[in-house]
Amino acid sequence: MKKNSNPTSKKQVLENYLLSEIHSGNLKVGDLIPSESELVKKFGFGRQTVHNVLYDLALKGVITRSKGKGSFVAYKPVNRNIQRKMSFTQDMQSIGMIPGAKLLEYKIIKAKEFPDIIHDLHIQEDEEVYFMKRLRTGNNIPIALQYYYIPARFLPNIDLTALTGSIDEYVARQGIDVKGFVTKLSAVEGTDEQTGLLETETHALLKSISIRFIEKDIPFQYTITYYRSDLYEYTFSSFQ
């Protein structure tokens with residue numbers, strides 16, 4: 001049989017093979033797919049052809065690629081209803097994923113160090129604010145990068161060990177009842193640091209700014225979250 005040297009045909013053969021393995025269940029959600037080297041050896045195709053196939057499948061959302069770890073069958077994007085007050089932990093649990101949190105930075109700052117929060121949190125420039133930077137994961141896969149700002153007067157003796165779990169659950173245990181929220185969404189280009197922490201090849205991120213209130217005129221928490229655009233999406237419905 002004459003060998004087909006058309007790189008497009010090779011590309012299609014490999015893509016069809018991987019899609020077939022996924023659709024048949026041989027490769028399940030979260031499974032590690034064969035590496036580029038393994039696929040080169042198995043099919044005898046050039047490394048660039050294999051690389052292009054994996055790159056295209058990642059763009060289509062079929063697989064996710066993690067630097068230093070490999071390529072995995074992609075999870076369906078987390079779909080959050082913007083009208084519901086759900087925490088990241090609840091989002092993960094709702095789709096059967098195990099939520100995780102890694103505290104990257106914690107410090108007490110003056111509000112004037114981040115002027116945006118002065119107006120939105122109704123605080124003075126010299127007021128002390130807890131700043132926390134956390135990496136959020138689902139089944140150990142990086143999904144979101146969060147920056148929290150909470151006026152220290154609301155939590156005078158904050159438990160640092162609680163910052164690797166659900167902050168919403170910790171706040172509730174302190175007797176603070178969050179009554180409502182305001183959320184702003186935008187599409188942004190992530191920095192190299194952000195995309196590195198999120199282990200994503202694309203710089204397209206979904207940015208959410210959420211302000212939580214304990215009363216209609218008493219803001220309690222200001223959170224900036226950068227979500228991987230391939231793993232998170234928001235839904236708005238006019239139906240109640």
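Distance check, rounded to the nearest 0.5 Å: CZ of F213 to CZ of F181 gives 11.0 Å. The structure places CD1 of I108 at 12.0 Å from CD1 of I150, a figure rounded to the nearest 0.5 Å. The distance from the OG1 atom of T137 to the CD1 atom of I143 is 7.0 Å, given to the nearest 0.5 Å. We find the CG-OG1 distance between L197 and T200 to be 12.0 Å, quoted to the nearest 0.5 Å. Atom CD1 in I211 sits 10.5 Å away from atom CD1 in I117 (nearest 0.5 Å). Interatomic distance, E189 CD to Q194 CD, rounded to the nearest 0.5 Å: 10.5 Å.
At a threshold of 4.5 Å between side-chain heavy atoms, the hydrophobic network of Ile, Leu, Val, Met, Phe, Trp and Tyr places V13 and I63 in one connected group. By the criterion of side-chain heavy atoms lying less than 4.5 angstrom apart, applied directly or through intervening Ile, Leu, Val, Met, Phe, Trp or Tyr residues, Y147 is grouped together with I209 in one hydrophobic cluster. Using a 4.5 Å cut-off between side-chain heavy atoms of Ile, Leu, Val, Met, Phe, Trp and Tyr, with links allowed through other members, F72 and I141 fall into different hydrophobic clusters. Both Y148 and L103 sit in one connected hydrophobic cluster of ILVMFWY residues. Membership requires side-chain heavy atoms under 4.5 Å apart, directly or through other members. In the hydrophobic clustering of ILVMFWY residues, with side-chain heavy atoms under 4.5 Å counting as a link, L19 and L39 come out together.
For N140, the CG atom counts as loosely surrounded, since its 6.0 Å shell holds 12 or fewer non-hydrogen atoms of other residues, nucleotides or ligands. Taking a 6.0 Å sphere around CD of E105, one finds it holds more than 12 heavy atoms contributed by other residues, nucleotides or ligands. Taking a 6.0 Å sphere around NZ of K102, one finds it holds 12 or fewer heavy atoms contributed by other residues, nucleotides or ligands. The local environment of CD in Q174 is crowded, with over 12 non-hydrogen atoms from other residues, nucleotides or ligands closer than 6.0 Å.
Between K42 and E21 there is no salt bridge, since none of the side-chain N atoms of the basic residue sits less than 4.0 Å from a carboxylate O of the acidic one.
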* May I have the step-by-step check of side-chain contact (heavy atoms from CB on, under 4.5 Å) for I214 and I176, ending in yes or no? => CA-CA 7 Å; I214 55 178; I176 297 175; 3.4 Å; yes

* In sequence, state the C-alpha distance, the side-chain angles, and the governing distance for E193 and T191, and then conclude on side-chain hydrogen bond (donor to acceptor under 3.5 Å, both in side chains). => CA-CA 5 Å; E193 179 196 19; T191 65; 4.7 Å; no

* **Evaluation steps, side-chain contact (heavy atoms from CB on, under 4.5 Å), between E127 and L121** => CA-CA 11 Å; E127 186 164 346; L121 288 179; over 6 Å; no

* Determine, stepwise, if the pair L155 / Y170 fulfils side-chain contact (heavy atoms from CB on, under 4.5 Å). => CA-CA 10 Å; L155 295 169; Y170 171 70; 4.3 Å; yes

* Full working for salt bridge (Lys or Arg N to Asp or Glu O under 4.0 Å) between K179 and E215 -> CA-CA 6 Å; K179 299 289 181 61; E215 294 294 344; 3.3 Å; yes

* Given the rule in the side-chain contact (heavy atoms from CB on, under 4.5 Å) test, do D159 and R173 qualify, once you have shown the distances and angles that lead to the verdict? -> CA-CA 11 Å; D159 180 3; R173 291 196 300 270; over 6 Å; no

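Between H203 and D192, the closest side-chain pair of non-hydrogen atoms falls below 4.5 Å. Counting heavy atoms from C-beta on, the side chains of I158 and Y106 come closer than 4.5 Å. Contact annotation: the side chain of Y17 never approaches that of V53 to less than 4.5 Å [non-hydrogen atoms, C-beta and beyond]. Counting heavy atoms from C-beta outward, R136 and T225 have side chains that stay 4.5 Å or more apart. Put simply, the side chain of I33 reaches to within 4.5 Å of the side chain of L54, judged on heavy atoms. Residues K207 and I224 have side chains in contact (heavy-atom distance under 4.5 Å, counting atoms from C-beta outward). You'll find the side chain of I218 stays beyond 4.5 Å of the side chain of H122, heavy atoms only. The closest side-chain heavy-atom distance from L205 to S229 is not below 4.5 Å.
In this structure, the side chain of R134 does not engage the main chain of L104 through any donor-acceptor pair within 3.5 Å.
The two residues S210 and T183 make their nearest non-hydrogen contact at OG-OG1, 3.7 Å. In plain terms, the two heavy atoms of R228 and L198 that are nearest each other are NH1-O, 3.1 Å. In terms of heavy-atom proximity, I167 sits nearest to M132 at CD1-SD, 4.0 Å. Here the closest non-hydrogen pair linking Y227 and A144 is CD2-CB, 3.6 Å. Pairing each heavy atom of N26 with each of D31, the nearest pair is O-OD2, 4.2 Å. L57 approaches E15 most closely through the heavy-atom pair CD2-CG, 3.9 Å.
Between Y149 and F131, the ring planes lie tilted relative to each other; the angle falls in the 30° to 60° range. Ring pair Y55/H51 is parallel by interplanar angle, where below 30° counts as parallel and above 60° as perpendicular.
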